[in-house]
Amino acid sequence: MATLQTRASARLMMTPAVVLLLLWMAVPLAMTLYFSMLRYNLLMPGMEEWAGFLNYRFFLTDPAFFAGLLNTLLLVGGVLAISVGGGILMALLLDQPFFGQGLVRLMVIAPFFVMPTVSALVWKNMLMHPVNGLFAWLARTFGLQPVDWFGQAPLFSIVMIVSWQWLPFATLILLTALQSLDSEQKEAAEMDGAGALSRFIYIVLPHMARAITVVVLIETIFLLSVFAEILVTTNGGPGVQTTTVTYLVYVQALLQFDVGGASAGGIVAVVLANIVAIFLVRLIGKNLD
Amino acid sequence: MARSIPTRTRLGFTLVGWLVGLLIFFPILWTVLTSFKSEGTAIATPPQFLFFQWTAENYAEVNSRSDYFKHFMNSVVISVGSTLLGLLIAIPAAWAMAFAPTKRTKDVLLWMLSTKMLPAVGVLVPIYLLFRDTGLLDTRIGLTAVLTMSNLPIIVWMLYTYFREIPGDILEAARMDGASLAKEIVYVLTPMAVPGIASTLLLNIILAWNEAFWTLNLTAAKAAPLTAFIASYSSPEGLFWAKLSAASTLAIAPILVLGWFSQRQLVRGLTFGAVK
Amino acid sequence: MGEIRLEKVHKAFGTTVVIPEIDLEIADNEFVVFVGPSGCGKSTLLRLIAGLEDTTSGRILIDGEDMTARAPAKRGLSMVFQSYALYPHMSVYNNIAFPLKMAGADKSVIEEKVRNAARILNLTDYLDRRPGQLSGGQRQRVAIGRAIVREPKAFLFDEPLSNLDAALRGAMRLEISELHHQLHTTMIYVTHDQIEAMTMADKIVVLNAGRIEQVGSPLELYRSPRNLFVAGFIGSPRMNFVQGPEAEKLGAATIGVRPEHLELSTGDGYWKGKVGVAEHLGSDTFLHVDVDGLGQVTARADGEIGLRHGETVFLTPIRERVHRFDDKGEAFS
């Protein structure tokens with residue numbers, strides 16, 4: 001559709017964005033890769049030396065890494081299950097006509113706009129506090145023993161907080177997908193004698209399948225990097241019970257000043273994220289044509 | 001097409017809908033309520049829901065004791081600044097990709113997207129060291145630059161999906177009518193793209209405002225935006241629930257309002273156009 | 001003036017050849033229609049003339065001047081797009097005024113020309129509206145208005161009527177023809193609809209797969225199509241083609257007879273058949289007749305003919321209106 005002239009100016013106009021992103025991605029990543037092969041600690045300046053794959057060996061054989069990997073998987077898996085499952089139900093509910101629908105919709109999506117540090121602190125202190133928290137009061141009201149959330153089930157507590165943040169995202173996207181379903185399709189199915197449940201299983205769910213995939217992939221990308229919620233609630237503890245791979249890299253870099261080790265961890269995180277990213281990029285790419 | 005729904009069914013859904021909605025919204029509501037309590041009322045058992053002595057003193061105190069306004073301004077400068085800078089770089093790029101696509105356009109777009117999927121920890125160490133050595137640590141400029149780069153792919157993508165909806169015919173008509181490239185962009189493209197640019201702006205301010213990895217790792221007292229400032233309540237000060245609530249309410253209120261306005265665009269922006 | 005000449009114009013997208021090589025001359029003040037099935041390259045050819053696409057090789061001359069490398073706006077042409085391509089954020093007035101503003105015309109000149117165009121096109125009452133508030137026909141007129149204020153050397157129309165309903169299409173056809181008589185300007189009009197081509201053109205260019213099949217006045221194409229493609233494309237309903245022994249009798253591989261060149265009789269005639277579907281249009285009746293040994297043949301009959309489904313009918317082609325084609329599909333001259 002374009003002539004040579006417009007194509008030339010187009011190339012010029014793309015250059016800043018492409019060059020900047022290339023720098024932003026390639027340079028630090030190359031440095032990380034390089035550092036990961038060094039023995040390099042900020043507390044011992046001038047002592048840098050080539051270490052080969054030693055950092056990787058240390059990082060991958062560190063028991064904290066396995067705990068971190070497991071915690072990461074549990075966190076991502078848990079939040080995905082709650083937010084996607086809940087999101088489907090919420091989307092179906094919000095798709096029904098009722099009074100004040102618009103207002104309820106606004107309330108439901110609100111948590112997504114709350115900054116991570118605020119939601120983590122509000123939940124930790126005001127809701128989940130074992131003595132003064134609202135949950136504790138509720139438990140006592142019903143004659144139950146209040147739960148010490150961050151003491152007894154620290155990872156689960158974080159999963160709850162993060163799920164609360166991401167449920168609106170899943171709901172909103174699944175609702176959008178749901179509403180784009182041609183109502184004639186549903187009516188045709190109804191004429192064909194399909195009941196509400198069969199309509200959901202054979203018409204609605206397949207229609208939402210792509211949106212669900214998108215939600216799963218995008219949430220996974222963001223959830224692999226959950227950081228602030230851990231930092232302000234548990235600091236990765238008790239022990240390493242809530243340390244994820246992301247948090248572990250942070251600890252090594254900015255608390256232990258082990259640049260080499262942290263870099264190796266960073267590369268491992270990149271590899272993990274890429275496994276998901278490949279699927280997501282493919283899916284979006286298909287949609288582009 | 002529409003059939004009337006029995007009133008009883010409608011009432012039933014209304015009840016369930018509001019119950020679930022209020023439940024999900026409750027933590028925010030609770031934060032706002034608590035921000036108007038005295039510290040004593042805030043931790044009272046049983047909790048006080050509405051009938052307590054309302055007070056605004058927490059807001060005054062948060063501001064006077066902790067330089068709240070400075071951190072608020074940091075948030076504004078960093079989120080708005082990084083978004084505007086991003087738009088400045090992204091608008092020409094998105095224009096080019098939407099209206100003069102080549103065989104490589106798709107690959108470039110997907111590559112840009114893939115940079116967004118790069119986990120931040122992967123580049124934390126070098127960015128931290130570079131910032132330390134160039135004196136950019138704990139500065140608004142440094143953080144603005146980092147957030148610009150980290151949100152650039154989303155900005156380009158959103159603009160691209162909006163621009164693509166503008167029919168190419170109209171731009172060609174302008175070209176036939178004698179408009180130069182600059183005039184074409186100023187008189188024809190931009191007015192038509194304003195809604196798309198506006199929603200891109202909104203969504204990215206939201207994302208930058210709530211960003212909590214780089215802001216926590218690259219700032220300290222000076223350039224800390226609200227995300228990092230609130231994080232300081234995690235230590236002993238967290239015991240002052242009413243003040244935590246007041247600070248939190250102030251931090252989330254402006255963005256919550258923006259978010260409500262841009263909820264439609266959010267879907268498109270965060271799914272890179274894969275769900276509309 | 002608006003004389004356009006294409007010399008060996010060739011267009012390829014990568015390795016896909018869209019237009020092999022075309023020579024064409026369009027005289028000043030001529031109404032030329034490019035017609036052909038979709039994908040035949042007619043729109044691409046128009047966009048090459050407009051300058052919206054680069055020519056791969058060859059030259060485009062306007063009034064004797066080589067314009068091949070000239071920017072679209074510098075060629076002195078106006079274009080009306082299929083989608084109208086109106087600027088949605090501008091009023092009708094500003095839409096029509098836009099090319100004049102771009103050319104840096106005086107405010108008073110702009111005002112006068114826009115008012116004048118609006119008067120010609122019956123848009124005076126709508127000048128303050130936005131395109132979104134107009135009907136399809138009105139939008140079409142705004143697009144034409146935007147094209148005429150520039151007083152171009154030639155107008156280019158890219159399937160301008162395809163988004164209108166049938167009644168409006170007929171009316172706009174007349175308006176555009178009328179406009180051509182008023183303005184005395186060259187017009188190049190692209191369509192896939194042979195009725196538009198037949199009714200409006202001084203000269204029709206029939207395109208197929210990027211090649212020019214035939215150039216001529218509507219009646220020339222109707223009377224003596226050069227090959228099977230043109231014969232089948234021009235005329236409605238379509239020409240009947242017959243192959244086999246019946247064609248060989250006339251020394252041809254294929255013979256063609258238009259439905260209106262078949263004489264009907266219930267008594268006797270050349271071909272005997274049974275009436276299938278009869279389409280009664282009032283003025284005419286189209287009979288789809290199953291002829292023994294030939295298959296289905298369409299014939300045009302009197303509007304109020306009383307033949308029904310299943311009745312026997314005889315068809316006799318008018319000898320001198322039978323077209324003969326050789327085994328390559330070319331007409332014998």
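In the text below, chain A, chain B and the rest are named by the order of the sequence lines, each starting its count at 1. Fair warning: this is a prediction, and the values are worked out from it, not measured in the lab. These numbers come from the heavy atoms of this one structure, side chains and all, not from hydrogens, waters or symmetry mates.
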Measuring heavy-atom distances to chain B, does [X] have an atom under 4.5 Å in its side chain, in its backbone, in both, or in neither?
| X | answer |
| --- | --- |
| Leu127(A) | side chain |
| Leu29(A) | both |
| Leu93(A) | side chain |
| Leu22(A) | both |
| Phe99(A) | both |
| Val226(A) | neither |
| Leu224(A) | neither |
| Leu134(A) | side chain |
| Leu231(A) | side chain |
| Leu12(A) | neither |
| Tyr34(A) | neither |

Checklist entry - Closest approach of Leu216(B) and Ala228(A), non-hydrogen atoms and distance? => result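 Closest pair (atom of Leu216(B), atom of Ala228(A), distance): CD1-CB, 3.5 Å.
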Item to check | Residue pair Ser263(A) / Val125(B): nearest heavy atoms and the distance that separates them | outcome: OG-CG1, 3.8 Å
Checklist entry - Would Asn125(A) and Tyr233(B) count as a side-chain contact (heavy atoms from CB on, under 4.5 Å) if you check the C-alpha gap in whole Å, the side-chain angles of each, and the deciding distance to 0.1 Å? => result CA-CA 10 Å; Asn125(A) 291 318; Tyr233(B) 277 85; over 6 Å; no
Item to check | Pairwise distance CZ(Phe99(B)) to OG(Ser9(A)) - rounded to 0.5 angstrom | outcome: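 Spacing of CZ (Phe99(B)) from OG (Ser9(A)) equals 13.0 Å.
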Checklist entry - CD1 of Ile89(B) to CG of Leu20(A): how many Å apart, nearest 0.5 Å? => result 5.0 Å
Next on the checklist: Tell me which pairs pass side-chain hydrogen bond (donor to acceptor under 3.5 Å, both in side chains) where either residue lies in residues 106-120 of chain A, with sequence neighbours left out.
Outcome noted: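 Every side-chain hydrogen bond (donor to acceptor under 3.5 Å, both in side chains) pair that includes a residue of residues 106-120 of chain A, provided the two are not neighbours, is Ser119(A)-Gln165(A).
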Checklist entry - What side-chain hydrogen bond (donor to acceptor under 3.5 Å, both in side chains) pairs are there with at least one residue in residues 17-31 of chain B, not counting sequence neighbours? => result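 Counting only pairs at least two positions apart or across chains, no side-chain hydrogen bond (donor to acceptor under 3.5 Å, both in side chains) contact touches residues 17-31 of chain B.
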Just so I understand: if I count every heavy-atom pair under 4.5 Å between each of [options] and chain B, which residue has the most?
| options | value |
| --- | --- |
| Met14(A), Met107(A), Gln252(A) | Met107(A) |
| Met126(A), Met31(A), Lys124(A) | Met126(A) |
| Phe35(A), Trp123(A), Phe112(A), Trp164(A) | Trp164(A) |
| Ile267(A), Asn274(A), Leu167(A), Leu103(A) | Leu103(A) |
| Leu21(A), Val104(A), Thr32(A) | Leu21(A) |
| Ile173(A), Val249(A), Val108(A) | Ile173(A) |

Relative to chain A, which segment of [X] carries a heavy atom at a distance below 4.5 Å: side chain, backbone, both, or neither?
| X | result |
| --- | --- |
| Leu258(B) | neither |
| Ala90(B) | neither |
| Trp209(B) | both |
| Ser245(B) | side chain |
| Leu118(B) | side chain |
| Phe213(B) | both |
| Asn217(B) | both |
| Ile155(B) | neither |
| Leu19(B) | neither |
| Ile127(B) | side chain |
| Phe26(B) | side chain |
| Thr34(B) | side chain |

Next on the checklist: I'd like to know whether Ile24(B) forms a side-chain contact (heavy atoms from CB on, under 4.5 Å) with Met90(A), so could you lay out the CA-CA distance, the side-chain angles of the two residues, the decisive distance to 0.1 Å, and finally the verdict.
Outcome noted: CA-CA 11 Å; Ile24(B) 291 178; Met90(A) 290 298 305; 3.8 Å; yes
Below 4.5 Å, heavy-atom pairs only: which of [options] has the largest tally toward chain A?
| options | value |
| --- | --- |
| Ser150(B), Ala94(B), Ala120(B) | Ser150(B) |
| Met112(B), Met97(B), Met149(B), Glu211(B) | Met149(B) |
| Pro126(B), Ser114(B), Ala93(B) | Pro126(B) |
| Gly12(B), Gly86(B), Pro119(B) | Pro119(B) |
| Thr227(B), Thr115(B), Leu256(B), Ile255(B) | Thr227(B) |
| Gly21(B), Ala145(B), Ala231(B), Pro27(B) | Pro27(B) |

Checklist entry - Is Arg104(B) atom CZ crowded by more than 12 heavy atoms from other residues, nucleotides or ligands, each under 6.0 Å away? => result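 No, not enclosed.
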Close side-chain approach of [X] to [Y], heavy-atom, < 4.5 Å:
| X | Y | result |
| --- | --- | --- |
| Val146(B) | Trp24(A) | yes |
| Phe13(B) | Gln101(A) | no |
| Ile185(B) | Met13(A) | yes |
| Val18(A) | Trp111(B) | yes |

Checklist entry - Between the main-chain N or O of Phe113(A) and the side-chain N or O of Asn210(B), is there a donor-acceptor pair closer than 3.5 Å? => result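 Yes, Asn210(B) side chain to Phe113(A) backbone: donor-acceptor pair under 3.5 Å.
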Checklist entry - Are the side chain of Thr14(B) and the backbone N or O of Phe98(A) linked by a donor-acceptor pair below 3.5 Å? => result no
